[in-house]
Every structure is written in structure tokens, then in C-alpha cells.
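Start at 1 with the first residue, then count along the sequence. Keep in mind that what you see is a predicted model, and the values were worked out from it rather than measured. Just follow the structure's listing: the first ligand is 1, and inside any ligand the first atom is 1.
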Amino acid sequence: MLGLMQHRSLALPHVFHRAEQYFGHKSIVTAGAQDESTTTVAEWAQRVRRLATVLDTLDVSADGRVGTFCWNTGRHLELYMAAPCTGRVLHTLNIRLFPDQLGYIVNHAEDEVVFVDRSLLPVLWPLVDKFETVRHFVVIDDGAVAPLPEDPRVHDYEELLAAAAPFEGTFTIDDEDSAAAMCYTSGTTGNPKGVVYSHRSAVLHALISLTADGMALSERDVVLPVVPMFHANAWGLPYGCLLAGTDMVFPGPNMTPQAIVALLEKHRVTVTGGVPTIWMGMLPLLPAHDLSALRVILCGGSAVPRVLSEGYREAIGLPMLHAWGMTETSPIATMSVLRSHHATLTEAERADVRARQGQPVPLVDLRLVDPSTGETQPWDDAATGEIQAAGPWIAAQYYRGEGEGAQFTDDGWLRTGDVATVDGYGSVRLVDRTKDLIKSGGEWIGSVELENEIMAHPKVAEAAVIAVPHPKWVERPLACVVVKPGETLTAEEVIAHLEPRVAKWWLPDAVEFIDEVPKTSVGKFSKKTLREKFGGYQVTAP
Ligand code: ADP
């Protein structure tokens, strides 16, 4: 017997029309290089309607890829809706990628048009001859003074919008499985791979940010996404904000901790999110600012050091909300929220819970699999295995079927490449990425765990641990440590700090002091760069 309920497609036009209809009075602030601009959601929606017909005027095909090369701004949010609501596919390009990768991605996705912030034009323009399919470049004025190239393919965003008639009526997407947006993984191994989000996945994933055991986004919130809009759709925050009807604040080109903390204070932001690097930079600035309105600092993308989260709790009374996921999981898959069985824990024990990656959010299924035997592992917080994920916003395959077999199992689960333990309540504790694990004498050492312990040292600013070759043990850990400004630290002190905290055979064989841990294009530790730097490292321990 079939259920007799309406089958309505889960698609982004619903999110757009809901925002336009009910939340027109809400505000969208964008910080510029010198000043900030504010629009209402009603004004934004009118511009989305004009932008929809601009895409027709530019002759973008029915499901053509619409590239964006932009900061986090209210205008980028216009593209976030106009492209998918007209059946096109929003393709957010990472503004920090290497030129070769960018050229590869644009050509692989077959972008037909690229919208670019004027301040980023000097980065993009030297590459345009590599782009095989792009017919138009639309420059968005963000206050920068970069000259416009004399080229018939170049258009001015505001001129196009002013000349366009607004789309009248209701946007419709009949097939909820059609593509809404795409995002390439940053490709630490091999070429970047295209993850293609559907309307259905985008809507369901946005709903998760409204759930009580998630961020609980509501109409009363003021949200500032620090995580770039090219990094897995800013973790779904923009669509979640529009669905909930929040006020929004976008940081624009100035991503310094000083600029972000000032915006958080000025606009009484309640919810924000970004990778640990940004919050580390802001930690020393906290005492000078009133952040009493903040209720959620979403943090993920790499492990949130316990000491960082605790630093925020001590300074402003608010620890981080730790989440885990990847581009392929839209990205939110788990969140570390205190549960009722944690009620009797001490503050220190709660901090341990918050340092875990947390339980799967509703609709996401996880399993732990031993990569060598393929056997499912028990959830007892002891057995480690690779996390595999399934759910309505988890990728089933990459664009053009790449990575098949390697990344997806025969029964349709995603191999995440992350190694973890899971406790009896389903709370994940990430140990490492498979490619970063250190294999010493046949046993695994988790570099993420070691880093967290080293970063708990009060004189350490950052630490990354990598494998280096060893004649007897095959690989041993090397700790690369950044000391806080004005402090001094010796290798012996680092090891002495670790001794009571980790198994003896996990202790790094050497400690190298470096000025900064190199970062990837989305602000994570780039262990690949460190491995290249220390590739020939010789440890002589027995
Ligand atoms: P890339 O794989 O290119 O770094 P992603 O942003 O998709 O791009 O990164 C996903 C990976 O980041 C995850 O597979 C995981 O290794 C790491 N990651 C994400 N969130 C966390 C977290 N909370 N703790 C530890 N690692 C994390």
C-alpha cells in the first residue's frame, strides 16, 4: 500500500520564495574593503530575480555551470540562488587554488560564465586563456580599483542587473535530484574531483542546521559565515540562514581576525562558523571585545584542539561546536553536542567530549570498517577503522564517475579516508586520515591525536605531526612545532609534556621548530607540504 501524501520536490526555489515572502525585512550586511553595505532580504530577492534573467541574456545553457570566484558577500548569495533556481549549476571556485588546478576545474566542470569580485580579477585574469568553455566574465564591484580588461567577454555585474527585467512568478525545479551546485575537493591526492549537490541534498542538509541538537538556527539569529562560500557551500550556512530567516553578515575580502571579531561585536552576531585556524588567530583578541550575543561557534574542517575550545570557554564562556565532514558529505555529518548522559561529567570531561567529532546528525549513517579486512568494527571506543558514510546528502559518485571503486563501496557507501573510533553512543573520535597515519613497526600512530596533545602545551601555538622514514620501524613520528611569540621551548620539554599523555612508542623521535605550519587553500594544516620539506629527514633513534 502506498502512502497518500503529496510528492513535492525538495528544491531551492522553496527556500528562495520562503525567504522572500516571510523574511523580506531581514538584513544582509556585507563588509567591504573600506565600508559596509546593508540590504534587506526583499531587495536581495529582487536582485536574484534580475540575475535570473541575466543568465538567460548571457545565453547560459539550461543546466550550464555558473562559476563564482568571490569572497563571502551578499552578492555571492544572489548567485547562490539565481543559478540553481533557474536550473543552472552554481560552481564555487576556490580563490586560493593553484592556477593549474583552477584551470583544470573550470574546464572539467565546463563553466560557461565566471562571476568574479573585482579585487580578485588580478588573480583570475592571467588564467583566462586556459579556460576552454567560459564565454563571459562578469565583474562584481567590491570597492577594489583593479582596471577592467578591454575584452568583449567582460561585463559589469551592476550594469547587467540594471538592464535586466526581473523574473516574474515562481521558480520551479521539477526534479529534486537535478544538480544545484558543485564543488571540487581540494585534491590532496590526484586531480580534484567534482562533488555535485542536488536540490534535494541542499534542502535536506540546510534543514539540519535548524535542528535543536545542531546549530538550531532560528529567525532570531544573526549569522556570520567565516568559512568561505567556496568551501563546501560555506558548510550549508547560507541556505540554512535563508530557510530560517536569520539576519546575515558577510565579511567580504577582509578575513583578518581583527576584522572578523569587530564584525561579530558590532552586529551582535549569534552564530558563526569557520576552521580552527581563524579562531586561533582571534583568541588573543577576545578580552577586548563584547561577544556576549554569540551562542554558537561552529568549528570543523580539521580537528578542533581541546585547548582552543577551552580557551574560548574561559574567555567568553562559549566553547566551540565541533563538527566533522567533508566536501563529499555536504559537509555536515557529525556534531559534538553534550547529551544527557554527559550531565554528571566534570568540566574537564566535558571538554574531552567536545574535542570528539560527535554523533552523526539525523539522516546520516556511519559505519567503521577495517580497511585491510573489510570487516565492520565494534563501537566500543577502542577499535579503530575507516569511517564510511551514507545518507541523502552524501555523494554517491564524483562528477563524470571518477574515483569509482576507490572512494565508493559496492553497496553504495562513501569511504571517507578518515580513521576513527566510535563509542557506544555513536560518538566519533577521529584519530587520523588514512594518508596521514604513521605506520611504525606495523602499528598505527594517530598524528591528529599527537598534535592535539602537543597543542595542549601552553607555549605551543600550532603543531603538526608527520611520518618520516626510519630504517628499523619503517616510519616514525616527527613533530613540527610552532612556539607562541615571546616563548622558548626545547624538544625535551615537548617530549616531557607528552610522556604522561600518550603511549611510549607514540613519542615523536624528533621535534622540529618551525615558524608556521603551512596551510592548504582552505586553511588546514598542509601535511603534504611538510612531508615534502622533511622528506629526507633521518631519525637515528634505535
Ligand atoms: P580536503 O579533503 O581537500 O581537505 P575537505 O574540506 O572536504 O577537503 O576536507 C575533509 C576532511 O577534513 C575530512 O575527511 C577530515 O579528514 C578533515 N576534517 C573535517 N572536519 C574535521 C574535524 N572536525 N576533525 C578532524 N578532521 C576533520
**OP:** Could you tell me whether R75 and E78 have a side-chain N and a carboxylate O separated by less than 4.0 Å?
**Re:**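 Looking at R75 and E78, the cut-off is not met.
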Checking contacts here: is it the side chain or the backbone of [X] that comes within 4.0 Å of ligand 1, counting heavy atoms only? Could be both or neither.
{"X": "C299", "value": "neither"}
{"X": "A303", "value": "both"}
{"X": "Q357", "value": "side chain"}
{"X": "D418", "value": "side chain"}

Quick one: does [X] get a heavy atom under 4.0 Å from ligand 1?
{"X": "A232", "answer": "no"}
{"X": "G417", "answer": "no"}
{"X": "V522", "answer": "no"}

Original post:
With a 4.5 Å heavy-atom cut-off, do I260 and L264 have their side chains touching?
Top reply: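 Yes, side chains in contact.
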Original post:
Between W506 and E449, is any pair of side-chain heavy atoms under 4.5 Å apart?
Top reply: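 With C-beta onward as the side chain, the pair touches.
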I'd like to know if the side chain of [X] pairs up with that of [Y] as donor and acceptor (distance under 3.5 Å, no hydrogens or angles considered).
{"X": "R356", "Y": "S427", "result": "yes"}
{"X": "T270", "Y": "D221", "result": "yes"}
{"X": "T256", "Y": "N254", "result": "yes"}

Original post:
Should M326 be counted as touching ligand 1, given the test is an N or O pair under 3.5 Å?
Top reply: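 No; every N/O pair is 3.5 Å or more apart.
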Subject >> Nitrogen or oxygen of T185 less than 3.5 angstrom from that of ligand 1 >> reply: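 It does not: no N or O of T185 is found under 3.5 Å from an N or O of ligand 1.
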Near [X], which atoms of ligand 1 are under 4.0 Å from a heavy atom of that residue?
{"X": "G301", "value": "12 (O), 17 (C), 18 (N), 19 (C), 20 (N), 21 (C), 27 (C)"}
{"X": "H231", "value": "6 (O)"}
{"X": "K524", "value": "4 (O), 5 (P), 6 (O), 8 (O), 9 (O), 10 (C), 11 (C), 12 (O)"}

**OP:** Please report the C-alpha distance between F230 and F69 in whole Å, then the side-chain angles of each, then the deciding distance to 0.1 Å, and finally whether the ring-ring contact (aromatic ring centres under 6.0 Å, His included) criterion is met.
**Re:** CA-CA 8 Å; F230 55 76; F69 199 73; 8.3 Å; no
Subject >> ring-ring contact (aromatic ring centres under 6.0 Å, His included) partners of H108, counting only residues at least two apart >> reply: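 Testing H108 for ring-ring contact (aromatic ring centres under 6.0 Å, His included), a comparison that skips the adjacent residues, returns Y104, Y184, Y399.
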